[in-house]
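Quick caveat, the model's predicted, so the values are computed rather than measured.
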Amino acid sequence: MTPRTRTTRALAAVTVGFGTLALSACGGGVTTAAPSASSDETITIENCGRTIDIPATPTAVVGMHPSQTELLLRLGLADSLVGQAQATAQDLPADVAELAADVPVIGGDSPPSREELLAVEPDFVYSPTTYEFTAEQGFASIEQLDEAGVTAYTATGGCFDRRMEGTVTDLFTDLENLGEIFRVSDEADALIDSSQAELDSVAAAIEDQDRPRVAQIFVEGTTLTAIGAGIEFDILQRAGADNVFTPEDPMFADFFAAEITPESLASEAPDVLVFAVSDPAHEEAVRAYLAKTFPEMPAVRDGRLIAVPSADLFPGTLGNVSAVTQIAEALYPDAAFD
């Protein structure tokens with residue numbers, strides 16, 4: 001597997017697990033209210049450049065990653081779930097985990113194969129990115145799902161053409177669409193309102209603060225990758241970072257991540273390092289690598305290392321908002337957060 005493929009999976013598609021810093025979803029209560037009865041009215045939405053017609057409320061749904069499964073549960077759709085994919089990659093938040101206790105797990109810690117997915121007979125699947133529909137990986141393609149009568153929906157920020165410039169608030173587009181598709185607009189609006197309130201609270205708390213220089217990286221073994229575009233960039237901006245790596249950098253012209261040398265990162269001398277972790281062991285390994293490789297870097301020397309659950313960087317997840325809050329609180333420990 002190439003570094004580019006590993007990074008794509010780790011930060012955009014199939015990153016696994018929450019670390020010890022895992023957070024519950026922002027402002028998202030759990031509702032057990034069932035969606036409205038199926039309607040004969042066809043719902044038409046735009047998704048990743050496709051026009052999707054949904055003739056009736058889906059009743060056999062698969063969340064293609066725990067982050068998407070969580071969102072579906074918070075919309076009150078537990079009774080509609082027939083599968084949860086990549087469920088062993090991370091635990092669901094405690095307040096919704098029981099709702100999915102009887103939902104079949106498919107795909108282990110990777111996206112399910114085409115056969116595994118179609119075996120649960122879904123009529124709607126919700127994925128964080130288009131990677132989960134890569135036929136070359138043995139997954140069901142969007143075309144194959146369409147032929148089987150299954151609607152495939154990808155989080156707005158995870159669409160191929162959007163991945164480089166996605167934002168945290170792309171989540172709101174997904175919530176509006178899901179609210180309309182499943183006739184649960186009230187629940188969707190409540191999640192939008194609570195998420196926006198959290199973002200507004202962070203913005204107010206960090207207003208007029210001097211922004212530290214922050215580099216976001218991903219470390220796998222001794223491979224060092226810089227993150228400079230997409231939702232990850234927007235998360236840092238909203239958290240009050242002066243981003244070391246930006247979409248204007250030539251190395252991010254075609255991809256939101258780029259492998260870099262330790263020397264190039266050291267030359268930037270960032271005040272803070274933010275890095276995604278898949279589990280406690282991964283976090284420990286990354287911290288050890290940074291301490292050994294960059295002992296004189298201000299971020300390392302001053303202990304300003306912020307580990308973020310990798311799942312919170314998935315497009316179309318409430319974790320995007322949680323990540324903004326977590327990073328902002330770490331950057332500005334003396335600020336007054338609500």
Side-chain angles (χ1 to χ4, degrees), residues 4-5 7-15 42-72 75 77 80-87 89 103-166 170-171 173-182 230-231 254-256 311 313-317:
R4 183 184 176 106
T5 301
T7 304
T8 302
R9 293 190 63 182
L11 293 174
V14 292
T15 312
T42 297
I43 299 295
T44 300
I45 62 168
E46 297 295 320
N47 181 239
C48 294
R50 298 181 299 128
T51 298
I52 301 175
D53 293 322
I54 304 169
T57 305
T59 58
V61 184
V62 171
M64 293 293 284
H65 185 271
S67 297
Q68 275 56 49
T69 299
E70 177 197 349
L71 195 62
L72 294 167
L75 288 172
L77 302 175
S80 298
L81 285 171
V82 297
Q84 51 178 324
Q86 304 185 72
V103 178
V105 173
I106 54 176
D109 61 0
S110 298
S113 68
R114 179 171 61 89
E115 293 77 13
E116 288 175 308
L117 180 56
L118 293 178
V120 298
E121 300 183 346
D123 58 11
F124 186 94
V125 296
Y126 176 31
S127 176
T129 72
T130 53
Y131 174 80
E132 282 78 5
F133 302 127
T134 306
E136 293 78 8
Q137 297 288 338
F139 313 146
S141 69
I142 290 175
E143 293 74 20
Q144 289 169 337
L145 290 171
D146 186 59
E147 291 174 1
V150 183
T151 298
Y153 182 92
T154 301
T156 299
C159 296
F160 183 80
D161 292 339
R162 180 72 177 163
R163 190 63 186 91
M164 289 289 291
E165 55 189 32
D170 285 341
L171 167 67
T173 298
D174 297 324
L175 283 168
E176 290 170 354
N177 286 339
L178 293 170
E180 185 175 5
I181 291 167
F182 290 97
I231 291 173
D254 299 318
F255 196 56
F256 75 100
L313 304 179
F314 274 71
T317 170

Minimal heavy-atom distance between Pro315 and Gly158, with the atoms involved, is CB-N, 3.4 Å

Under 3.5 Å, side chain of Gln144 to main-chain N/O of Ser141, donor-acceptor pair present? yes

Rounded distance [0.5 Å steps], OG1 in Thr151 versus CG in Asp146: 7.5 Å

With a 3.5 Å distance limit and no angle check, can you tell me whether Gln86 reaches the backbone of Met64 through a side-chain donor-acceptor pair? yes

Measuring only between side-chain heavy atoms, which start at C-beta, is Leu145 closer than 4.5 Å to Val125? yes

List the steps, then state whether side-chain contact (heavy atoms from CB on, under 4.5 Å) holds for Val62 with Leu117. CA-CA 8 Å; Val62 171; Leu117 180 56; 4.0 Å; yes

Are any non-hydrogen side-chain atoms of Tyr153 and Ser127 less than 4.5 angstrom apart? no

If we ignore hydrogens and angles and just use 3.5 Å, is the side chain of Arg50 paired with the main-chain N or O of Ala152 as donor and acceptor? yes

Short question: side chain of Asp161, backbone of Gly49 - any donor-acceptor pair under 3.5 Å? no

CD of Glu70 to CG of Leu75: how many Å apart, nearest 0.5 Å? 10.0 Å

May I ask you to test the Gln84-Pro104 pair for a side-chain heavy-atom distance under 4.5 Å? no

Dump the intermediate steps for side-chain contact (heavy atoms from CB on, under 4.5 Å) on Asn47 and Thr154, then the final yes or no. CA-CA 7 Å; Asn47 181 239; Thr154 301; 4.0 Å; yes

Just so I know, are the side chains of Asp123 and Val150 near enough to count as touching, which here means a heavy-atom distance under 4.5 Å? no

Shortest non-hydrogen separation from Asn177 to Ile45 and the atoms involved: OD1-CG2, 4.0 Å

Mark yes or no: Arg163 above the aromatic ring of Phe256, with NZ or CZ under 6.0 Å from the six-membered ring centre and no more than 45 degrees from the axis. yes

Please assess Asp53 against Thr42 for the test side chain to side chain donor-acceptor pair (under 3.5 Å), listing each intermediate value before the final yes or no. CA-CA 6 Å; Asp53 293 322; Thr42 297; over 6 Å; no

On a heavy-atom basis, which atom in Phe314 and which in His65 lie closest, and how many Å separate them? CZ-NE2, 3.4 Å

Check: Asp170 and Arg162 side chains under 4.5 Å, non-hydrogen atoms: yes

Indicate the atoms forming the closest heavy-atom contact of Thr130 with Phe160, along with that distance. CG2-N, 4.1 Å

Between the CD1 atom in Ile181 and the CD1 atom in Ile43, the distance rounded to the nearest 0.5 Å is 8.0 Å

Partner set under ring pair (Phe, Tyr, Trp, His ring centres under 6.0 Å) for Phe133, not counting sequence neighbours: none

Could you pull out all residues at least two apart from Thr134 that satisfy side chain to side chain donor-acceptor pair (under 3.5 Å)? none

Say you draw a straight line from CD1 of Ile142 to CD of Glu147; how long is it, rounded to the nearest 0.5 Å? 12.5 Å

Taking side chain as C-beta onward, heavy atoms only, is Val120 less than 4.5 Å from Ile106? yes

So Leu175 and Leu71, do their side chains get closer than 4.5 Å, heavy atoms only? yes

On a heavy-atom basis, the closest approach of Val61 and Pro58 is CG2-CB, 4.2 Å

So which heavy atom on Pro111 is nearest to which on Tyr131, and how close? CG-CE2, 4.1 Å

Distance check, rounded to the nearest 0.5 Å: Phe182 atom CZ versus Leu77 atom CG? 5.5 Å

Do the side chain of Glu116 and the main chain of Ser113 share a donor and acceptor less than 3.5 angstrom apart? yes

Which residues pass the side chain to side chain donor-acceptor pair (under 3.5 Å) test with Glu46, not counting sequence neighbours? Thr51

Taking Gln68 for the side chain and Gly316 for the main chain, is one N or O donor matched with an acceptor at less than 3.5 Å? yes

Is any side-chain heavy atom of Tyr126 less than 4.5 Å from a side-chain heavy atom of Leu178? yes

